[in-house]
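Values below: all heavy atoms of this structure, side chains included; hydrogens, waters and symmetry mates excluded.
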Amino acid sequence: MTRRGFWQAGLTLVAMATFAMAFKGIFARLIYQHGVSVNALLIWRFALAVPLFWLGGMWLLRRNPAPTGSLAPRQWGLCAGTGLLFFISAWCDFHAIESLGASLSRMVLYLFPAMVMVLQAIEHRRWPEGRSLLIFAGAWVGIALVLMPGWHGGTVNPAGLAYGFGAALCYALFWRVSQSLMKPLGSVRFNQLSNSFTLVAMLVFLLPGVPLESLWLPAPALGWMVVMVVFSTVIPFFLMFEGIRRTDTSRAGVVSMFGPVVTVLAAIAVFPDEQLGPVQWLGMALVLASIAMLKSDKKPKPA
């Protein structure tokens, strides 16, 4: 693969996005330390991110504008549906971060590639290929080892786990539905519309129950919020969905499974209460080894 082909490969874009998004839990915990509630964090995150999605999209499409034709009613419905799914997933996810910590919540969330694989198998009415099953099994065994007793003193918050599983399921559904919109809309226009619907859902369902005084952010929390919005939301969303557009969601899901490894390493460096034992380190090594087995998603074309 040429250098240009490498950087344009779908799985490469997914990997870059995963690396950036892996720090979301770290930034969220740093924001929570200043007394910011989950709902206030979510509202601020998308109130800042959506304008950047539109401005960034205008800049990315300055030379190749997106189709200007109106969307079909079904496409509007799917965009609204993906926005609602992501709203529910994000709401559950940030509650999981609050209950379980940055590292453990990432491990539970990354059940979603398995769910994507199951959804795709049901949709196509056939089992996933053996290699994909093997790679995924190795990666998930590694994640399971990280969840072995000894992590967080061997105690896990059941409510936090429920939030994590809910986030994973909604995120898997979000991935599957979003891929059907990538080709007709393009990844940039999809990001603009879907995230706009997510913001609308947050303003409708969350804002009425949030006291106005709790929306005030101290300067350090606002600084971390801006970093999270730019580095772990807007930029990786553009990369992730362009990558999904160019590849298959199940393969992209497996690549994204190295995200918890990045989160864990960062959490160990930042938070003294998030540490790993030998079994957990073995699990992380297994995750990375499984990801390394993936081949490029671009097969060479015959001459």
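- With sequence neighbours left out, F205 forms a ring pair (Phe, Tyr, Trp, His ring centres under 6.0 Å) with F87.
- Contact record, S105 with I97: OG-CG1, 3.5 Å, taken as the closest heavy-atom pair.
- For the pair S232 (side chain) and A20 (backbone), a donor-acceptor distance under 3.5 Å is present.
- Residues passing the side-chain hydrogen bond (donor to acceptor under 3.5 Å, both in side chains) test with S178, sequence neighbours excluded: none.
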For a quick test of your reading: what N or O donor-acceptor pairs under 3.5 Å do the side chains of residues 43-50 make, sequence neighbours left out?
| from | atom 1 | to | atom 2 | distance (Å) |
| --- | --- | --- | --- | --- |
| W44 | NE1 | L215 | O | 2.6 |
| R45 | NE | T233 | OG1 | 3.0 |
| R45 | NH2 | T233 | OG1 | 3.2 |

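- The two residues L161 and L100 make their nearest non-hydrogen contact at N-CD1, 3.9 Å.
- Among residues two or more places apart in sequence or in another chain, the salt bridge (Lys or Arg N to Asp or Glu O under 4.0 Å) test is passed with R245 by E242.
- Screening residues 225-236 for salt bridge (charged side-chain N to carboxylate O under 4.0 Å, His left out) gives no qualifying pairs among residues at least two apart or on separate chains.
- Residues W54 and V188 are not in side-chain contact: their nearest non-hydrogen atoms beyond the backbone lie 4.5 Å or more apart.
- Sequence neighbours left out, not one pair with a member in residues 199-216 passes salt bridge (charged side-chain N to carboxylate O under 4.0 Å, His left out).
- A donor-acceptor contact shorter than 3.5 Å is absent between the side chain of S187 and the backbone of M182.
- Annotation: side-chain contact (heavy atoms from CB on, under 4.5 Å) contacts of S194 (sequence neighbours excluded): T82, F174, F190.
- Looking at heavy atoms from C-beta onward, L41 lies in side-chain contact with M228 at the 4.5 angstrom threshold.
- Within the 4.5 Å cutoff, the side chain of W91 has heavy atoms near those of the N39 side chain.
- Residues passing the ring pair (Phe, Tyr, Trp, His ring centres under 6.0 Å) test with Y32: none are found, sequence neighbours excluded.
- Nearest heavy-atom pair, G160 versus A96, reported as atom, atom and distance to 0.1 Å: O-CB, 3.8 Å.
- Residues forming a ring pair (Phe, Tyr, Trp, His ring centres under 6.0 Å) with F27 (at least two apart in sequence, or on another chain): W224.
- In this structure, the separation between CD1 on I235 and CE on M240 is 13.5 Å, given to the nearest 0.5 Å.
- With sequence neighbours left out, F197 forms a ring pair (Phe, Tyr, Trp, His ring centres under 6.0 Å) with no residue at all.
- Under the 4.5 Å side-chain criterion, counting only non-hydrogen atoms from C-beta, V270 is in contact with L30.
- At distances below 3.5 Å, at least one donor-acceptor pair connects side-chain atoms of N191 with backbone N or O atoms of F237.
- By the criterion of side-chain heavy atoms lying less than 4.5 angstrom apart, applied directly or through intervening Ile, Leu, Val, Met, Phe, Trp or Tyr residues, M58 is not grouped with F53; the two fall into different hydrophobic clusters.
- Legend: salt bridge (charged side-chain N to carboxylate O under 4.0 Å, His left out) pairs involving residues 84-105, not counting sequence neighbours, sorted by first then second residue: K24-D93, D93-R106.
- Separation of the Y163 and F94 ring centroids does not fall under the 6.0 Å cut-off.
- Connection of F23 to L265 is established within a shared hydrophobic cluster, with ILVMFWY side chains joined at heavy-atom distances below 4.5 Å, either directly or through further cluster members.
- Taking Y171 as the reference, W175 meet the side-chain hydrogen bond (donor to acceptor under 3.5 Å, both in side chains) condition, with sequence neighbours excluded.
- Within the 3.5 Å criterion, the main-chain N or O of W59 finds a donor-acceptor partner in the side chain of R62.
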